[in-house]
Structure formats: C-alpha cells, structure tokens
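Just below is one structure, and these are the notes that go with it.
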Amino acid sequence: MAASDDGVYAISVAASMVSMEIQNLRVYERRGLLTPDRTAGGSRLYSDDDVVRLERIRDLLADGLNLVGISRVLELEDEVDRLRARLGEG
C-alpha cells in the first residue's frame with residue numbers, strides 16, 4: 001500500500017479530483033505551493049497529501065486570498081504541524 005505522500009495520480013487525475021484546471025496545478029508548483037513527485041520521464045505524480053493541499057489551496061482561493069497569502073498560510077500551517085509532531089501531539 002502506498003503512503004499518503006507517494007505520488008500516484010497523473011496531473012489530469014489530480015486536477016479532476018479537486019475540480020481545477022491542469023494549468024493551475026502547474027502554476028501552484030511554480031509558486032512553490034506544492035511539490036509533486038516526478039517519474040523518470042519527468043511527468044508529475046500527485047500524492048493523496050498533494051490532493052489535500054490542493055483542496056486547501058482551492059478553499060483559500062474561495063476565501064479571497066491571493067497566491068502570496070496562500071503561500072504564507074500554508075507555510076504557517078506546515079510549521080504548526082512540525083511543532084505538533086515535535087511535541088508528540090501529531
């Protein structure tokens with residue numbers, strides 16, 4: 001069984017799962033909002049964790065945040081997750 005951070009979905013599948021356009025996923029990657037795995041041939045592979053992150057990006061966009069704001073929110077949420085894990089609350 002694949003871990004939740006193992007890339008398994010092609011970009012078209014991931015985009016469909018979160019009701020986004022493929023080009024948006026490429027923009028989010030270029031902006032550093034997520035980093036999908038790559039095949040040996042360079043194709044993107046999105047994990048379950050990536051899909052959850054894309055859903056979060058979609059929700060933050062719907063709340064009116066721009067990509068810079070979303071980047072900051074995601075950084076802070078990641079930091080909270082790291083600190084919780086360090087404290088054993090994860």
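Checked against side chain to side chain donor-acceptor pair (under 3.5 Å), Arg38 has the following partners two or more places apart in sequence or in another chain: Glu29. Partners of Asp78 under the salt bridge (Lys or Arg N to Asp or Glu O under 4.0 Å) rule, at least two apart in sequence or in another chain, are Arg53. The side chain to side chain contact (heavy atoms under 4.5 Å, CB included) check on Thr39 picks up Ser43, Leu45, with sequence neighbours excluded. With sequence neighbours left out, Ser16 forms a side chain to side chain contact (heavy atoms under 4.5 Å, CB included) with no residue at all. Residues passing the side chain to side chain contact (heavy atoms under 4.5 Å, CB included) test with Val52, sequence neighbours excluded: Glu55. For Tyr9, the side chain to side chain donor-acceptor pair (under 3.5 Å) partners at least two apart in sequence or on another chain are Asp48. Scanning for side chain to side chain donor-acceptor pair (under 3.5 Å) contacts around Arg58 gives an empty result, with sequence neighbours left out. Remark: Gln23 pairs with no residue by the side chain to side chain donor-acceptor pair (under 3.5 Å) rule, at least two apart or across chains. In terms of the salt bridge (Lys or Arg N to Asp or Glu O under 4.0 Å) criterion, residue partners of Arg82 (sequence neighbours excluded) are, by chain and number, Glu79.
Of all heavy-atom pairs between Leu67 and Tyr28, the closest is CD2-CE2, 3.7 Å.
Note that CD1 of Ile22 is 10.0 Å distant from CZ of Arg44, once rounded to the nearest 0.5 Å. Ser19 OG to Asn24 CG: the interatomic distance, rounded to the nearest 0.5 Å, is 11.5 Å. One distance of note links OG1 of Thr35 with CG of Asp49; it measures 12.0 Å at 0.5 Å rounding.
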Go through Tyr46 and Leu25 one step at a time and tell me if the side-chain contact (heavy atoms from CB on, under 4.5 Å) criterion holds.
CA-CA 10 Å; Tyr46 292 83; Leu25 275 64; 3.7 Å; yes
Does the side-chain contact (heavy atoms from CB on, under 4.5 Å) test come out yes or no for Leu74 and Arg56, once each step is laid out?
CA-CA 9 Å; Leu74 294 176; Arg56 184 69 176 130; 3.9 Å; yes
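A 4.5 Å side-chain heavy-atom check between Met17 and Leu54 finds every atom pair outside the cut-off.
When each of Leu60, Leu61, Asp59 is paired with Ile57, the side chain to side chain contact (heavy atoms under 4.5 Å, CB included) condition holds for Leu61 and for no other.
Every pair tested for salt bridge (charged side-chain N to carboxylate O under 4.0 Å, His left out) that includes a residue from residues 17-26 fails, sequence neighbours excluded, so the list is empty. Within the structure, salt bridge (charged side-chain N to carboxylate O under 4.0 Å, His left out) pairs that include any residue of residues 65-74 comprise Arg72-Glu75 (at least two apart or interchain).
Side-chain contact annotation: Ser47 with Asp5, donor-acceptor N/O pair under 3.5 Å absent.
In this structure, the side chain of Asp63 does not engage the main chain of Leu65 through any donor-acceptor pair within 3.5 Å.
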